[in-house]
Structures are given as structure tokens and as C-alpha cells.
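Heads up: the structure comes next, in C-alpha cells.
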Number of protein chains: 4
Amino acid sequence: MKQSPRVLGRPRHDDKAKPTKELVLDTATRLFIKDGYKNVSMDDVAKGCNVTKATIYYYYPTKGELYTSALIEMMKRIRLHIIGILEQPTSFKERLEQLVEIHLSATMDIDMKNFMREASINLSDSQLKEVHASENEMYRTIEQAMQTEMDKGTIRTGNAQFFAHTFMALMSVGYFKDGEGNRLFQTEANAAKEIIDFFWLSVKNFS
Amino acid sequence: MKQSPRVLGRPRHDDKAKPTKELVLDTATRLFIKDGYKNVSMDDVAKGCNVTKATIYYYYPTKGELYTSALIEMMKRIRLHIIGILEQPTSFKERLEQLVEIHLSATMDIDMKNFMREASINLSDSQLKEVHASENEMYRTIEQAMQTEMDKGTIRTGNAQFFAHTFMALMSVGYFKDGEGNRLFQTEANAAKEIIDFFWLSVKNFS
Amino acid sequence: MKQSPRVLGRPRHDDKAKPTKELVLDTATRLFIKDGYKNVSMDDVAKGCNVTKATIYYYYPTKGELYTSALIEMMKRIRLHIIGILEQPTSFKERLEQLVEIHLSATMDIDMKNFMREASINLSDSQLKEVHASENEMYRTIEQAMQTEMDKGTIRTGNAQFFAHTFMALMSVGYFKDGEGNRLFQTEANAAKEIIDFFWLSVKNFS
Amino acid sequence: MKQSPRVLGRPRHDDKAKPTKELVLDTATRLFIKDGYKNVSMDDVAKGCNVTKATIYYYYPTKGELYTSALIEMMKRIRLHIIGILEQPTSFKERLEQLVEIHLSATMDIDMKNFMREASINLSDSQLKEVHASENEMYRTIEQAMQTEMDKGTIRTGNAQFFAHTFMALMSVGYFKDGEGNRLFQTEANAAKEIIDFFWLSVKNFS
DNA sequence: TATGAATGAGTTTTCATTCAT
DNA sequence: AATGAATGAAAACTCATTCAT
């Protein structure tokens, strides 16, 4: 199949189009989430953007940098998303449920643990540090919400960081698929409800 | 320059030594757990076994087969291990705690979810099916224990499969390390206790 | 153009043929001497050997290693050559002249200085060290001959190392070609004679 | 032609700043001398000038042109330099010594032979011709000085071109560094003296 | 049973060059 | 006069796989 025959040099500027750098980052993020660091080649990213590999390198000097940027961007978005949902005026339990439901509804399994593993194997120390900082911020956001609710007495007193991690871990249960591709629950809403019910039994304040 | 001077022909069999096929599988398993499918080359496995790549291919026709076998073997071992611990005569809660502690004490983070992801990306359908069957068996073992305890009334009635998955998910919290390499808890015993206390609040029967 | 269609796997062994490793080294040496490190690609070497790039890498793990080996081999050969000529029973002056003539007759301009420069830019420290050691040995061989003749009184007392270097430097004059490709002298024999006459005026013992 | 109308008072333009074209040429020359043609990328030159690559191309249509210009400029400078020194009223031997000393004192090893080799590999025929012409002029300058001194009887009658080349070749001995970075002589002055003493023994007129 | 030698198709990365603005 | 954005071709290197011995 003939690709759109692009020309050398600077292209005429199209005001509507997303800036290439953003396009690259978004495409890369999507691919990395789907297939992982090693299964995505710079060529794949390029093809996904309809530009050449060299263009990718024009914006991101190495694959590691691209991955780093992709992870950071992703975590930033998730964090903002979490903040947005947690700010709503409904009960804490309801907000958590909504959080889970929305995440499960997103097409892709966002598996923090695995991203961090791939990062630790493939990135340089300084890149890894950046990614870790970003991850930390994300967890901290949930942690702070947990702390706030502890202070309010909504949930029992405990290790807020631990709660944040158990929350994320339980959320990942919702992504599970067996050999036939069946989920544990029929709908995302259902999954979210069961997961949060489970979580809530452990964290609620029943004094 | 001279390579390691191995001798031609069939080597005299050393009774103590593991049969080569096992050696290969064990080495591969260790490496795959540590670094993941794509980060381990057949050369790495060969080096790790002190044999040549061709020897690996003598026993396993493709890398995918080797990975398949490694995963299946690993899950089988874990399953037997789980059975062994769950058979003990102590209380269910104590047995779960022991299970977590022993797993966290193993040097490596055994992340089922990630193995399955790499499998789904890199294996053939039939290989993937085998691996899924093995995974399923492993989960089923925990599930059955949950069911047994539900029947006994130790834990509340609920979805045993869901409980099995939440259990595994919570266990993974114990592996978490932040940017500085710090764990959430000081010792594995401590982590196990906190994790199971949390789990228990959700599953115990307080009727 | 279709290349000779080579097959996968180990080729049937041809007793007459040079071992591939040697073939690679010889080809690489020839190309590096002619065009320099950066102007020779691993593909060029492969094509020159009628094998694939991967075969080159089978024997030499990096281009730097290949260059290192090539330089060392080349200097070793030159050194042995020098020794062979200097051992002959003719007068020192005659032997030097022969040395120059033979070197100029070799098709290629062997420019030590430039090889060392390329080495210093492109090789790792440890590789560079190896090459320097080899270079040193080569110069030392000439130096020792100078020293021997000083002791015999054939040439004047002086810095033997300096003499070795002036000798090599003067030899390089014989390679000079102007824009039209003309040499300074008509024949190699002529060039050698003039160069050594010049050298001799500076080093002869006229006490 | 309109003269640039000189403005009164302080011009907005920074008079001290070199015109960009010169800046590019000087930077390129420096880099090419240090690292050679292939080891210097147009990006390196651009970075060294603090302009973009496209700016380099605005002034020099290809890398080959830039190299050509750089070599010609360099040889021109050296030639003028040589002329300047040779014009002084001291003895010929003293002037040669000074020439060597000053060249050795310049930070970089100016290796004509190597520049010409890189030129012959990388430049187009017409570019190569230009460079050769420039090299020729440079050698001719030394040659003429040799001829003048022959005519005066300062040095013996001989092939002036050959003398010019032996002179340059011997000068290069002063640049030699062994594996530890040690020179043959302690100071440039010392090196210059030894080199010219050696040269002089061969060329002096002792009739 | 095990190996040494080789390949083909890919990977990341570099770089001279082009062109609209 | 100068730049930012892009390309195409090639470079170094990797790796799963093959096969005669």
C-alpha cells in the first residue's frame, strides 16, 4: 500500500493538526501501554504517527527518553483525573467507586507495576528517577485523599500509603481476564462496586 | 582466541549434575522472572547454563516454547507450594499469612499479571492456551481453599474466585518499592501481617 | 544483483578455504588501511568477505574490536617484516634502503600516525592501550636496530628512539602524491635511495 | 555599487562579532583538524557556532564544500605564517627552527597527509583539485625558500621539493605521543632544535 | 547429545540534506 | 539571513533460528 508521499523539508503548517511532538508522545504512550517497552519499536511509533523514524528522534533523543516522557505524561494525566474525581461532592465511597469504574472503562490495562519494571530494566538511572518521582506523586495524591478521610473519620485510622497501594492493587483485579477472555464481572460498574465493597470492609470506620 | 574449552562429543554424565533440559528450564525461568520475555535472549539463557544456544534449541524448539514451559513449570511449583502451606493444621488466617511471607521472602517479584501480558503478546495461541490453563489451575487452588473455608464458615460467603484474585493482588503490594528502593514495610513478616489483616477485615465471617 | 545464495546454518567445511575469522580480519585490515575507520562499514567488510554482517559480529563483538585486531595484526606483520629485512647480512644502509623500497612497493600507504589518530578518536581506552602497545613494539624494533648500529659505530651516537621516528617519517615522504597523482620520484627504488641518502647524512658516523 | 553608508554613533550591530560565515568556517576548521571529516557532523559545527544546521547550509551547500573551504583557509593561513617567519632577518637554520617550534606549540597536530587522505576519500574531484592546489602552494612556499638558500649556498644543492617534504615530515615527528601521552622531547623548543639539527646535517653545505 | 558457524530480518541511532517560513 | 521541522539512507548492533558435524 502506498503511504501518503510526504516531501522533504518543513511541511506547510496546518493549524488544525496536533503539533507533531504531541502526536508522537500520544501515539507512543498508547503503544507502550498496549505492548510494553520492548515490543514497541521506534518504527512502530513512527508508523503510528505517519512520520518517519527520524522525526521521532528529532523530538526525543532516545527511545528511553520517549518512554520516560510517555510514562510521566500518563501518570500526570491519571493523577489529574484522580484529582478531578476525588474533588466531587459525593461520598468518599462513591467517589472511589467512580474512580475504579472509569479506569476499568478505559480501553487499556494500565499496569503501573509493570511499567515500573520495564522502566527499571530499560531506563538510565536519571530517567528512572524522573519516572519514580512521577509515580510517587500519583500515589501521593491517593494517599492524601485517604489521609483526609481518616482525619474526617470516614475511614479508620491506618497507614494511608498502604491504603493507597491496596486500593490500586484491588483495582487491577478488575482487569483480569481468563483464558477465554472472560472478566470476573459482567460490567465495569459491577466490578467497581464489588471491588470497592471489598475495599470498604477493610477501611471503613465502624467505631 | 580460545573459547571455553569444552570437549566434543557426548560428555561423561555427571550424576550430581541436573539433566541439561532441567538446567535450561530452571535457568530460563529465573531469567524470565527477573527480566521478562523480551529482555532475555536465547544467548543469555545459554550463557546462564554454560552451554551453547544450539543446545537450548535441541530441547526447546522456539523461544516461545521455552517461555511457555518456564511459566507452566513456575506456576506448577507455586501451586504445589501453596497446597503444601494450605494443608498445614494452623488457622486459615495464619496459613494465608505464612503464604504471603514466604512469597515475599523469595528474592523475586513474581508478577502473574505481567507474565500473562508478555505471554499474550509473544506466544502463539496454542502456547497461550497452555499457559492460561496453568494459571487457571493455580488460581483455582486458592479459590478452592477459599471455598472450603466459606463452607466451614471461617470466612464470609462470597465469590471465591474474586477472593482468590484479591488475595493475589494484595500480596503484590508487599513487593512495592519506591524510588529509593524502600519497601512499604520493614520486614516480610510485617508486610505479610498487615496485608492479611487487611484482607481478613474484608473476608472474615462476623455473623 | 543476486548474491551467491548462501544457506542458513553451518556450511559444509571446505578444507582449502581460509578460516572465516582470518578472512574477516584480512579483509578488514585491507579496507581500513585503504579508507580509514569511519569510511569502512561493517557491511563493507561483510561484502568484502562474502558473508553477512552477523558473521562479522560472530567473530568480533564490535567494530572497535575489529579495528583493534586489524591494527595489531598489521603492526605485528610489519614488525616481523622489518625484523626479517634487518637480519640480512648486508650493510645497515643497504638494509634500510631495502626496507623503504619494499614498503613503498606495497600497494597501500601505511600511515601509522593516521591509524593512531583514528584509534584515539574511535576506540575505547583499553582497546587504544592494546594498539599503543603494538605500535610501541614496532617502533622499538627499529629503535633497537639503531641502537645496535650505534654500538657498532656504524651510525653516530644519538637518541635511538628519535632516529626510529625520523626514519619512519622520512619513509612516508615516499608516499606523497601531488594533485595529478605524481610521486616525487619515478620509481620506488629511486625514492628509497634518495630517502636513505638523506637519512644517512644525518646519522652516519663521520668521526 | 552602493557603499554601505556608515552610520554615525554606535552601530546596533556588534562590531566585535565575527560575520556568521567566518564563524562557521573557523569553527569547522577547528573541529575538522581535531576530529577529522567523518567524526565531525554538520550538527557539531552548528552547535559549535551556536546557530542551526540550516544556517551552515545557507553558507556552504554541502559538507564537502565546507571541508574544502576549511582546508584551503587553513593552508592559506599556514602559508602566510610560513612566509612571515621565513622573511625574518635571522639565519635560515634559526628561521626553520622557529617555524617548527611555533607549529609544535599550536595546540593541534596539523597533519597534512591525513587531511589529504580524507579529502581524497570524501571530496568530489573538483573539490579535491582545489584542495590539492592549495596544498601545492603551501609546499611550494617552503620549496622556494629552500631553492633561495641553495642559490645562496646556505644549503647544499638538491631537490628543493624533496627538501620541503622531508622538512614537513620531520616536523611531524615532534607531534608524536606514545601510549602514556609522552612526547619524544620535553619542550617544543627542544624538539624544534633536535629536529632542525637533524635536518641540517642532511642539507647543510659543507663544501 | 551437543556444538560451532552462519544467516535474515530486525533494532536503535546518526546524519547530510531539504524546504516552507 | 536564519530557522524549525522533516526526510531517506545508512550505520552499528541484536537476536531467533538453522544446519552440518
Side-chain angles (χ1 to χ4, degrees), chain A residues 5-13 19-21 38-46 49 51-64 66, chain B residues 3-4 6-11 13 19-21 38 40-46 49 51-64 66 122, chain C residues 5-13 19-21 38-46 49 51-64 66, chain D residues 19-21 24 38 40-46 49 51-64 66 122:
Chain A
R6 255 159 310 99
V7 221
L8 265 172
R10 184 180 200 164
R12 232 172 252 130
H13 188 62
T20 306
K21 189 172 183 177
K38 280 278 171 154
N39 289 295
V40 174
S41 74
M42 293 302 258
D43 248 327
D44 292 336
V45 178
C49 298
V51 297
T52 60
K53 234 185 320 192
T55 301
I56 312 291
Y57 278 94
Y58 180 74
Y59 293 106
Y60 298 92
T62 63
K63 192 185 179 186
L66 180 56
Chain B
Q3 295 290 111
S4 58
R6 246 166 304 105
V7 210
L8 273 171
R10 184 178 194 169
H13 187 63
T20 307
K21 189 171 182 177
K38 278 280 174 162
V40 174
S41 73
M42 293 302 260
D43 255 322
D44 291 336
V45 178
C49 298
V51 298
T52 61
K53 234 188 318 191
T55 303
I56 312 288
Y57 277 93
Y58 182 76
Y59 292 107
Y60 297 92
T62 64
K63 190 185 178 186
L66 179 57
N122 295 295
Chain C
R6 253 159 311 102
V7 221
L8 265 171
R10 185 180 199 165
R12 235 173 247 130
H13 187 61
T20 306
K21 190 172 182 178
K38 280 278 171 153
N39 289 296
V40 174
S41 74
M42 292 303 258
D43 250 324
D44 291 337
V45 179
C49 299
V51 297
T52 60
K53 227 186 328 189
T55 301
I56 312 291
Y57 278 96
Y58 181 73
Y59 293 105
Y60 298 92
T62 64
K63 192 185 177 186
L66 180 56
Chain D
T20 306
K21 188 171 183 178
V24 169
K38 280 279 174 160
V40 174
S41 73
M42 293 302 259
D43 255 321
D44 292 336
V45 178
C49 297
V51 298
T52 61
K53 235 189 316 192
T55 302
I56 312 289
Y57 278 93
Y58 182 75
Y59 293 107
Y60 298 91
T62 65
K63 190 185 178 188
L66 180 56
N122 295 294

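Chain identifiers are assigned alphabetically (A, B, ...) following the order of the sequence lines, protein sequences preceding nucleic acid strands; residue numbering begins at 1 within each chain. Please read all numbers here as calculations on a predicted model, not as lab measurements.
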Discussion item. I want to verify a distance call: between dT13(E), dC13(F), dA6(F), whose nearest atom is closest to the Lys63(A) side chain?
Written reply: dT13(E)
Response to the item:
If pairing means Watson-Crick or G-U wobble with both distances under 3.5 Å, then the partner of dT21(F) is dA2(E)
Practice prompt. Provide the Watson-Crick or G-U wobble partner of dA16(F), both distances under 3.5 Å; none if there is no partner.
Written response: dT7(E)
Practice prompt. Decide side-chain contact (heavy atoms from CB on, under 4.5 Å) for Asn39(C) and Asn122(D); before the verdict, give the C-alpha distance in whole Å, the side-chain angles of both, and the deciding distance to 0.1 Å.
Written response: CA-CA 9 Å; Asn39(C) 289 296; Asn122(D) 295 294; 3.2 Å; yes
Worksheet entry | Toward the 5' end of DNA chain E, by each residue's nearest nucleotide, Ala54(C) or Val40(D) | Ala54(C)
Discussion item. Can a donor-acceptor pair be found, under 3.5 Å and without considering hydrogens, that links the side chain of Lys63(A) to the backbone of Val40(A)?
Written reply: yes
Worksheet item: Touch check for Thr55(D), heavy atoms < 4.0 angstrom, all strands: base, sugar-phosphate only, or nothing?
Response: base
Item to complete: State whether Tyr57(D) places a side-chain N or O below 4.0 Å from either non-bridging phosphate oxygen (OP1 or OP2) of dA2(F).
Response: no
Discussion item. Of the options dT12(E), dA6(E), dG8(E), whose atoms approach the side-chain atoms of Tyr58(C) most closely?
Written reply: dA6(E)
Worksheet item: Distance check: side-chain N/O of Thr20(A) vs OP1/OP2 of dA6(F), anything under 4.0 Å?
Response: yes
Worksheet item: So what does Val45(C) hit on the nucleic acid, given a heavy-atom distance under 4.0 Å: a base, only sugar-phosphate, or nothing?
Response: nothing
Item to complete: Counting heavy atoms from C-beta on, name the nucleotide in dC15(F), dT12(E), dT3(F) closest to the side chain of Ser41(A).
Response: dT12(E)
Fill in: Phosphate OP1/OP2 of dT13(E): any Tyr60(A) side-chain N/O under 4.0 Å
no
